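Below is one structure, written out as structure tokens, with a few remarks after it.
Chain letters run A, B, ... following the sequence lines, proteins first, then strands; residues in each count from 1. A quick note: this is a predicted structure, and the numbers were derived from the prediction, not measured.
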Number of protein chains: 2
Amino acid sequence: MGKSGSKAPSIRDVAHAAGVSTATVSRTLSNPDVVSETTREAVFLAIRETGYTVNLAARNLRKRETGAVAILLPNLANPFFSRILSGIAEVMSEAGLSVLISDTTPMAKDDHRLPEYVNQNNVDGIIVLDGNLRQDALLNRGSPEVRAPMVFACEWISQIDRPIVTVDNQEASVRAVQHLLSLGHRRIGHICGPPDNVLTASRLEGARGAMQSVGLRMKPEWIYPGDFSLQSGSEAAKIWHGSSDRPTAVYCACDEMALGFIGELTRRKVAVPQEVSVVGFDDLDMAAHFVPSLTTICQPRVTIGRTAARLLLERMRMTPQERSARPAPRVVLPVKLAVRESTAPPPG
Amino acid sequence: MGKSGSKAPSIRDVAHAAGVSTATVSRTLSNPDVVSETTREAVFLAIRETGYTVNLAARNLRKRETGAVAILLPNLANPFFSRILSGIAEVMSEAGLSVLISDTTPMAKDDHRLPEYVNQNNVDGIIVLDGNLRQDALLNRGSPEVRAPMVFACEWISQIDRPIVTVDNQEASVRAVQHLLSLGHRRIGHICGPPDNVLTASRLEGARGAMQSVGLRMKPEWIYPGDFSLQSGSEAAKIWHGSSDRPTAVYCACDEMALGFIGELTRRKVAVPQEVSVVGFDDLDMAAHFVPSLTTICQPRVTIGRTAARLLLERMRMTPQERSARPAPRVVLPVKLAVRESTAPPPG
DNA sequence: CTGAAAGCGCTTACAG
DNA sequence: CTGAAAGCGCTTACAG
């Protein structure tokens with residue numbers, strides 16, 4: 001159980017107790033096969049007796065590692081990220097790495113700074129979930145040799161050539177719209193993501209393209225602005241409701257907007273899907289429990305997290321040279337269309 | 001910008017460049033007032049030239065600190081925690097500490113282990129948001145002198161005497177039920193939290209007590225089991241719907257269950273609040289946007305996070321002796337009742 | 001298989 | 001105000 005002393009037991013205490021050198025204790029821990037069985041047992045006994053646990057700061061200093069990875073995400077309060085985080089945390093924890101989470105919202109576009117520990121490279125790797133960070137902030141982290149490897153997930157910055165884990169946003173949008181087309185819809189609208197988001201264009205283009213390929217057109221007035229928030233979804237509903245030339249179905253760039261949209265419509269006595277069909281994107285937990293339950297594109301969020309984590313671990317094992325020699329992979333994960341109650345044939 | 005070398009610049013490089021000792025560089029960084037202005041400027045210039053940033057592992061080793069705090073929470077995927085996390089991250093980041101997040105779900109009751117970095121005290125402090133962790137796992141972290149301080153938030157473990165940040169769950173429940181009483185309800189039910197959760201009893205007792213104090217009784221068949229999940233809310237709705245002796249209002253121990261309850265009822269063509277009123281607890285983002293919007297107890301989640309973080313910082317500044325001498329405070333934060341569409345006078 | 005020794009990059013009494 | 005030196009607790013060639 002460890003004696004009650006004024007400081008934690010160190011490797012020296014263990015060495016004393018076991019009658020060996022600190023080097024041997026260290027080897028027993030990191031490479032047990034290289035020490036004799038007798039020694040090994042003596043050391044393990046001494047470790048138990050003293051209650052020793054390795055001091056990570058010392059190990060990290062010596063090994064020139066940090067034992068930590070940073071996750072940069074735009075909004076900790078957004079439920080979209082929680083499962084991704086979960087997937088990352090799971091893989092990193094298995095790898096013995098700790099996960100530092102940093103909400104990037106405070107550091108808006110005008111703020112160049114990243115969290116201290118990222119800027120100073122006090123992490124061994126970085127996963128970026130925010131495509132709106134400043135490019136220079138992300139790259140000015142010392143010379144290439146000391147810069148921790150980085151991977152993007154979900155969002156990315158086109159100018160920065162790093163591995164990306166994502167879904168085919170355009171193809172997913174095509175699927176969403178084809179579902180509406182197959183129900184008989186011909187007038188299909190879209191609530192967009194934020195204008196400055198990398199995903200916004202591909203989701204809009206996918207939707208537009210799907211319509212064009214069957215000879216239809218998405219009227220500009222059916223394209224509603226949005227910013228991924230519940231609020232912007234209800235704003236879109238107000239516009240929809242106030243217009244005389246309405247789409248019979250609306251494909252939304254994310255679930256939150258879809259739920260905000262449906263909520264506002266329901267409040268205005270507009271029935272979904274009887275009067276208008278709605279499709280979302282993401283498949284938040286709430287999507288299946290909302291009334292009506294939401295037809296949506298299901299992003300494999302835990303898998304995205306796990307994949308990004310594994311990709312990062314892989315890059316961390318490479319030398320800077322290997323990393324820059326090897327092209328940054330782009331992993332595209334499959335999505336599913338979850339068909340639920342919010343879509344039906346058009347009215348009339 | 002820093003030269004392009006094979007390793008990051010160290011304090012020695014700066015000392016060289018500035019023509020001073022490493023001690024002076026260190027002082028300039030940690031205690032600028034103590035060095036002369038000329039020296040200070042030379043050092044700052046050298047820092048800029050070399051692109052130096054402090055190596056935290058080295059600093060931490062030397063200062064016998066870790067520069068990190070751990071957050072133990074039961075479920076990263078639960079939106080309830082995201083804003084709390086946000087509040088914690090904000091305060092800790094200002095204090096220059098990094099936040100290690102650990103999902104405790106993988107380590108269920110049968111698993112004694114905490115994350116490595118917690119068990120080995122490779123953190124300077126711990127915030128526990130999970131009242132179901134094993135007591136011994138939380139306490140067996142070496143002798144009192146080396147054990148990192150710990151505070152509880154939202155949930156806690158009664159046997160462990162540590163600061164707690166919480167709301168008055170019983171009083172909040174009284175308020176929720178009084179609201180229903182004031183609308184004229186006399187038959188009020190409750191969907192409970194998980195049986196093994198610290199909050200479950202106080203929320204149920206508050207509800208019961210509020211009824212008793214006006215001479216009413218909560219019938220046992222109106223008390224539905226739950227586990228804080230959407231799913232358990234819809235299960236309760238099925239029981240409610242299948243019964244002939246129904247309450248006219250149901251107070252739910254959390255918003256997710258309330259939303260699951262309403263969702264299932266709506267699906268069964270039972271109108272909320274016309275046929276049954278519903279009150280939740282937490283005030284998730286979704287609560288205001290659901291249809292009908294949810295009357296609920298609003299927990300100040302960001303404030304809970306910030307307060308827990310500040311309390312922990314305070315404890316971290318104390319010696320172990322001071323900590324054990326000073327009684328662990330219990331900070332009770334005020335809640336508000338947000339009255340929305342899901343509550344109305346009883347039918348008939 | 002094992003130990004002595006150097007060193008990871010800092011900070012901090014101590015002495016001046 | 002500043003520097004030389006010790007030391008935080010590890011790991012790892014190196015030598016045997």
| message | With salt bridge (Lys or Arg N to Asp or Glu O under 4.0 Å) as the rule and sequence neighbours excluded, what pairs involving residues 90-101 of chain A come up? | response |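 As it turns out, the salt bridge (Lys or Arg N to Asp or Glu O under 4.0 Å) pairs with a partner in residues 90-101 of chain A, which skip direct neighbours, are Glu90(A)-Arg306(A).
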
| According to the Watson-Crick and G-U wobble definition with distances under 3.5 Å, which dot-bracket string, read 5' to 3', encodes DNA chain D, using [ ] for crossing pairs and | for pairs with another strand? | |||.||||||||.|||

Side chains of residues 146-153 of chain A: which donor-acceptor pairs under 3.5 Å do they make with residues two or more places apart or in other chains?
{"from": "Arg147(A)", "atom 1": "NE", "to": "Leu139(A)", "atom 2": "O", "distance (Å)": "3.1"}
{"from": "Arg147(A)", "atom 1": "NE", "to": "Gly142(A)", "atom 2": "O", "distance (Å)": "3.2"}
{"from": "Arg147(A)", "atom 1": "NH2", "to": "Gly142(A)", "atom 2": "O", "distance (Å)": "3.3"}

| field | Toward the 5' end of DNA chain D, by each residue's nearest nucleotide, Leu61(B) or Arg40(B) | value |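 Nearest-nucleotide comparison on DNA chain D picks Arg40(B).
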
| request: May I ask you to verify if any side-chain N or O of Ser36(A) is less than 4.0 angstrom from the OP1 or OP2 atom of dT2(C)? | output: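 For Ser36(A), the contact criterion (side-chain N or O under 4.0 Å from OP1 or OP2 of dT2(C)) is met.
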
| query | Should Arg64(A) be listed as having a side-chain N or O under 4.0 Å from OP1 or OP2 of dG9(C)? | reply |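 Indeed, a polar side-chain atom of Arg64(A) lies that close.
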
| field | Inter-nucleotide P distance (dG9(D), dA13(D)), Å rounded | value |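 dG9(D) and dA13(D) have their P atoms separated by 23 Å.
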
| query | Residues in side chain to side chain donor-acceptor pair (under 3.5 Å) with Arg83(B), at least two apart? | reply |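 Applying side chain to side chain donor-acceptor pair (under 3.5 Å) to Arg83(B) gives Asp285(B).
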
| query | With sequence neighbours left out, what residues match Ser36(A) under side chain to side chain donor-acceptor pair (under 3.5 Å)? | reply |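 Once residues adjacent in sequence are excluded, the partners of Ser36(A) under the side chain to side chain donor-acceptor pair (under 3.5 Å) criterion are Thr39(A).
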
| said: From CG of Asp13(B) over to C1' of dC8(C), roughly how many Å is that when rounded to an integer? | reply: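 Whole-Å distance recorded here is 13 Å.
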
| Glu37(B) CD to dT2(D) P: how many Å, rounded? |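 Rounded to the whole Å, the gap is 12 Å.
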
| field | Heavy-atom donor-acceptor pair, Asp124(A) side chain to Val69(A) backbone, under 3.5 Å | value |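 A pair under 3.5 Å: no.
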
| Contacts of Arg310(A) that satisfy salt bridge (Lys or Arg N to Asp or Glu O under 4.0 Å) - sequence neighbours left out |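 Arg310(A) satisfies salt bridge (Lys or Arg N to Asp or Glu O under 4.0 Å) with no other residue.
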
| request: Identify, with sequence neighbours excluded, every residue that meets salt bridge (Lys or Arg N to Asp or Glu O under 4.0 Å) alongside Glu155(A). | output: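 Salt bridge (Lys or Arg N to Asp or Glu O under 4.0 Å) check on Glu155(A) returns nothing, list empty.
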
| Footprint string (nucleotides 10-16 of chain C, 5' to 3'): B base within contact, S backbone only, - free, heavy atoms under 4.0 Å | BBBB---

| query | Got a sec, which residues hit side chain to side chain contact (heavy atoms under 4.5 Å, CB included) with Arg12(B), two or more places apart in sequence or on another chain? | reply |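 Ser10(B), His16(B), Thr22(B).
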
